[in-house]
Amino acid sequence: MSQSTPHAPVTKAIFPVGGLGTRFLPATKAMPKEMLPVVDKPLIQYAVEEAQAAGIANQIFVTGRGKTTIEDHFDYSYELSHTLETKHKTDLLEMIRPLLPTPGQVAYTRQQIPMGLGHAVWCARELVGNQNAVAVLLADDLVMADTPCLKQMMQVYAEVGGNIVAVMEVPLEHTSRYGIIDPGVQDGRLIEVKGLVEKPRSNPPSRYAIIGRYILQPEIFEALDAQTKGTDGEIQLTDAMATLLGKQPFHAFLFDGKRFDCGNKIGFLEANVAFALNRQDLAADFREVLARYTG
Ligand code: UTP
């Protein structure tokens with residue numbers, strides 16, 4: 001495998017949205033999980049805005065059957081715009097205008113069968129090309145932070161290059177739900193990665209769990225070419241990342257912020273509470289409502 005330029009520019013972001021979202025049935029029977037709103041904004045919009053805030057202009061969505069509302073969300077809606085213009089609702093027009101990607105800077109490809117996150121990322125290989133590092137954002141991992149999580153990672157990437165995964169410390173009993181790193185030397189928030197294990201059943205190498213933010217060198221696609229099935233019979237991104245260890249710089253980054261697992265119901269509900277309480281226009285009224293239930 002060729003050694004890539006450690007500081008290859010990150011100009012593209014992959015949004016894998018091809019999963020079935022079975023933990024959210026029946027809501028996700030006909031609606032993509034990534035379109036579930038936290039307060040009033042779909043999860044996928046938070047992810048797209050995070051990539052934009054990190055300075056990444058090109059968006060690649062790996063979609064699947066039943067996901068066309070995601071494309072519609074980031075498209076021009078003639079009827080809506082016309083109605084809002086006629087009614088002089090300029091504030092709402094201003095709200096939806098930034099949703100339009102620059103023409104030519106958005107691409108959609110389909111993962112016909114959801115064979116795992118690694119497979120979804122692999123589906124974007126031709127659109128990424130072999131010159132650029134790429135960011136991967138999972139919309140159901142929502143991060144509340146003063147500086148958006150991917151922007152923090154890009155700042156670190158400018159210094160160390162290579163591959164970077166965002167991690168957080170989880171309770172020991174939760175390590176079997178995540179990709180877990182085997183940590184090497186730690187320098188502040190930056191941790192050298194010596195090994196990676198997907199959903200360890202026992203003896204996790206640490207409590208540092210990978211969340212859905214990655215900066216990866218293009219060699220990840222060569223690693224994914226093998227299409228090896230791992231945990232849960234899925235093609236796992238963690239397994240492909242593990243093959244890069246020792247060949248390229250590989251770091252974990254303890255991001256500053258709070259992550260909500262919006263792929264499960266409690267995490268999603270908590271995100272709604274936290275984001276609503278963080279909104280000036282809603283916080284006071286919502287706090288009163290919550291008090292009625294928690295009294
Ligand atoms: P999850 O691991 O949460 O899987 O995917 P899922 O299928 O969406 O949900 P459950 O477990 O059935 O409830 C994390 C992210 O990776 C994408 C999902 O769309 C989600 O954004 N993904 C997952 C794919 O794009 N393709 C896959 O094959 C699997």
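Along the sequence shown, the residues carry numbers beginning at 1. Both counts, for ligands and for their atoms, begin at 1 and track the order of listing.
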message: A side-chain contact here means heavy atoms from C-beta on lying under 4.5 Å apart; do Glu94 and Arg97 qualify?
response: yes
- line: Here the pair of heavy atoms bringing Leu196 nearest to Phe250 is CD1-CZ, 4.1 Å
Within the 4.0 Å heavy-atom sphere of ligand 1, strictly under, residues: Pro16, Val17, Gly18, Gly19, Leu20, Gly21, Thr22, Arg23, Lys33, Glu34, Gln111, Pro114, Met115, Gly116, Leu117, Ala120, Asp140
Heavy-atom side-chain proximity of Glu50 to Leu137 below 4.5 angstrom: yes
- prompt: Is there a side-chain contact between Glu219 and Gln248, using heavy atoms and a 4.5 Å cut-off?
  reply: yes
query: When the ring planes of Tyr108 and Phe61 are compared, do they come out parallel, tilted or perpendicular, using 30° and 60° as the limits?
result: parallel
message: Clusters formed by hydrophobic residues whose side-chain heavy atoms approach within less than 4.5 Å: which one holds Tyr76, and what are its other members?
response: Tyr78, Leu100
